[in-house]
K.L.:
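Just dropping this structure here.
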Amino acid sequence: MRRARIGFPNCTVTANLCAMIIDPPLARSPAAPDTRPIGVFDSGVGGLTVLRALAARFPHESFLYLGDTARVPYGTKSARTVERYTIQVASVLEAHEVKALVVACNTASALGLAALRAHTALPALGVIQPGCRAALSATRSGRIGVIGTRTTIASGAYRHSLFLMQPKVTVADAPCPLFVPLAEEGWTDHPASHLIIEESLAPLKQHDIDALILGCTHYPVLKQAIGKVMGPEIALVDSAHAVADDLADLMPEVVRPTFEDAQQQLRYLVTDEADRFTEVARRFLHGFPIERAEMVDL
Ligand code: DGL
């Protein structure tokens, strides 16, 4: 059953029922399918972890992915710069006629999503709230760890969002700036990666957490290595599937689906190093096709 999304206070009825109250079925004509792709973006390969979940969940929808590889990492930049990059990248996707935007980057979601929503008429989804929801359903103790880029952790976006959803939660967070280059290089199982991960996660180990939010879309690429360091009793949470839930909630009213038998197309744009991106992406896409990423100018 779908969660209620329509803004009645303390509303416990489903979204579908609310929709019927507002708009009786007899008065509604079936909306035409919308064949436009859904735009997904990140600073580099990280957002592919979200794209994978979306492409699997919506097998007839097409997606246009943009990796801003010329300017990665975002997570070391100032809030103002990240906001500007977010709007620029989203504008390129809009110019390619997407029907919705998924900000598959925690840094851009934390610092650019509000400005993006003010800037665009398209539905725009981020990854922070879905990640918090997933963590709150994974934790038993209410002690949650968060790792992310320096900029994401400094923004306090996860803490704020977790406290709003569950005021009794305890949050311990730590920036892990070195994980992004490891993921970009595809060093998922390198001995040096293990050392860096161990050192970076050491501060979290004292906090007795039972769930750890991978608050950067690059980090699920290193999930196995992070799991080895944290141990099997800590649930590693990423937002990819919860983002797919959010997109499903917007369908069919806000984001109209395409034809039920449409053939899925996946297209990739990058701002630099198309060959390198294609090579690394192929490993992260777990079988989803990528021919060759295309260069685009911002
Ligand atoms: N993958 C991104 C995130 O989720 C950004 C990594 C970076 O560019 O620093 O925050």
Side-chain angles (χ1 to χ4, degrees), residues 40-53 65-77 82 85 103-111 127-128 131 135 145-155 158 172-205 209 211-232 234-240 268 270-288 290 293:
V40 180
F41 70 91
D42 179 43
S43 55
V45 292
L48 296 173
T49 58
V50 177
L51 178 74
R52 222 161 56 193
Y65 183 89
L66 198 156
D68 190 6
T69 45
R71 302 191 295 193
V72 67
Y74 281 13
T76 52
K77 311 280 191 307
V82 173
Y85 286 0
V103 185
C105 171
N106 289 261
T107 313
S109 296
L111 295 148
V127 290
I128 306 271
V146 183
I147 52 175
T149 64
R150 275 197 200 293
T151 307
T152 299
I153 297 301
S155 76
Y158 270 105
D173 54 20
C176 296
L178 297 176
F179 291 10
V180 171
L182 296 180
E184 287 286 328
E185 289 302 318
W187 280 26
T188 51
D189 200 20
H190 196 285
S193 307
H194 185 80
L195 271 180
I196 290 171
I197 292 170
E198 205 161 36
E199 190 71 22
S200 307
L201 297 181
L204 283 179
K205 289 212 134 186
I209 56 170
L212 176 64
I213 300 180
L214 307 181
C216 170
T217 52
H218 282 69
Y219 298 176
V221 163
L222 304 168
K223 200 168 190 170
Q224 264 198 328
I226 293 172
K228 266 192 213 159
V229 171
M230 292 309 287
I234 314 282
L236 301 182
V237 177
D238 73 70
S239 52
Y268 305 85
V270 289
T271 51
D272 202 3
E273 294 282 5
D275 288 337
R276 176 84 192 125
F277 176 90
T278 308
E279 183 194 318
V280 178
R282 208 160 267 141
R283 273 185 277 150
F284 294 158
L285 280 167
H286 294 186
F288 285 103
I290 175 165

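We use all heavy atoms of the structure for the numbers below, so side chains are in, but hydrogens, waters and symmetry mates are not.
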K.L.:
State the CG-OG1 distance between D272 and T69, to the nearest 0.5 angstrom.
P.N.:
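These two atoms lie 5.0 Å from each other.
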
K.L.:
Which heavy atom in V237 sits nearest to a heavy atom in A211, and how many Å separate them?
P.N.:
CG2-CB, 4.4 Å

K.L.:
Indicate yes or no: at least one non-hydrogen side-chain atom of L51 is less than 4.5 angstrom from one of Y268.
P.N.:
yes

K.L.:
Within this structure, what is the OH-CG distance for the pair Y65 and L48, rounded to the nearest 0.5 Å?
P.N.:
4.0 Å

K.L.:
Drop me the distance from L66's CG to C105's SG, to the nearest 0.5 angstrom.
P.N.:
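It comes to 12.0 Å.
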
K.L.:
Write down the atom of T217, the atom of N106, and the distance for their closest heavy-atom approach.
P.N.:
N-ND2, 3.1 Å

K.L.:
Applying salt bridge (charged side-chain N to carboxylate O under 4.0 Å, His left out) as the test, list every pair that has at least one member in residues 219-228; sequence neighbours left out.
P.N.:
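Qualifying pairs, neighbours excluded: K223-D238.
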
K.L.:
Do you know the tightest heavy-atom contact between S155 and L111?
P.N.:
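S155 and L111 have their closest heavy atoms at CB-CD2, 4.1 Å.
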
K.L.:
To the nearest 0.5 Å, tell me how far S239 OG sits from I213 CD1.
P.N.:
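The distance works out to 9.0 Å.
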
K.L.:
Of all the heavy-atom pairs spanning G46 and D42, show the shortest one and how long it is.
P.N.:
N-OD2, 3.1 Å

K.L.:
Passes side-chain contact (heavy atoms from CB on, under 4.5 Å), S43 versus T107? Steps please.
P.N.:
CA-CA 9 Å; S43 55; T107 313; over 6 Å; no

K.L.:
Any donor and acceptor pair, going by atom type alone, linking the side chain of Y219 with main-chain N or O of I226 inside 3.5 Å?
P.N.:
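Not a single qualifying donor-acceptor pair exists.
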
K.L.:
Quick check for you: to the nearest 0.5 Å, what is the distance between Q224 atom CD and L222 atom CG?
P.N.:
10.5 Å

K.L.:
Shortest non-hydrogen contact from V127 to A104?
P.N.:
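Closest heavy-atom pair between V127 and A104: CG1-CA, 4.1 Å.
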
K.L.:
Restricting to side chain to side chain contact (heavy atoms under 4.5 Å, CB included), what partner residues turn up for P177, sequence neighbours left out?
P.N.:
R150, P175

K.L.:
Does V221 reach the side chain of F179, with side-chain heavy atoms less than 4.5 Å apart?
P.N.:
no

K.L.:
Would you mind listing every side-chain hydrogen bond (donor to acceptor under 3.5 Å, both in side chains) that reaches into residues 179-191, with sequence neighbours excluded?
P.N.:
E184-H218, E185-R276

K.L.:
When rounded to the nearest 0.5 angstrom, what is the spacing between CG in L236 and CD1 in I147?
P.N.:
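Here the rounded value is 8.0 Å.
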
K.L.:
For a quick check under 3.5 Å, do D68 and T271 share a side-chain donor-acceptor pair by atom type?
P.N.:
yes

K.L.:
Might you point out which heavy atoms bring A293 and F277 nearest each other, and give the distance in Å?
P.N.:
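Nearest heavy atoms, A293 then F277: CB-CD2, 3.7 Å.
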
K.L.:
Are D173 and Y158 side-chain neighbours, meaning at least one heavy-atom pair lies under 4.5 Å?
P.N.:
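No, every pair of side-chain atoms sits at 4.5 Å or beyond.
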
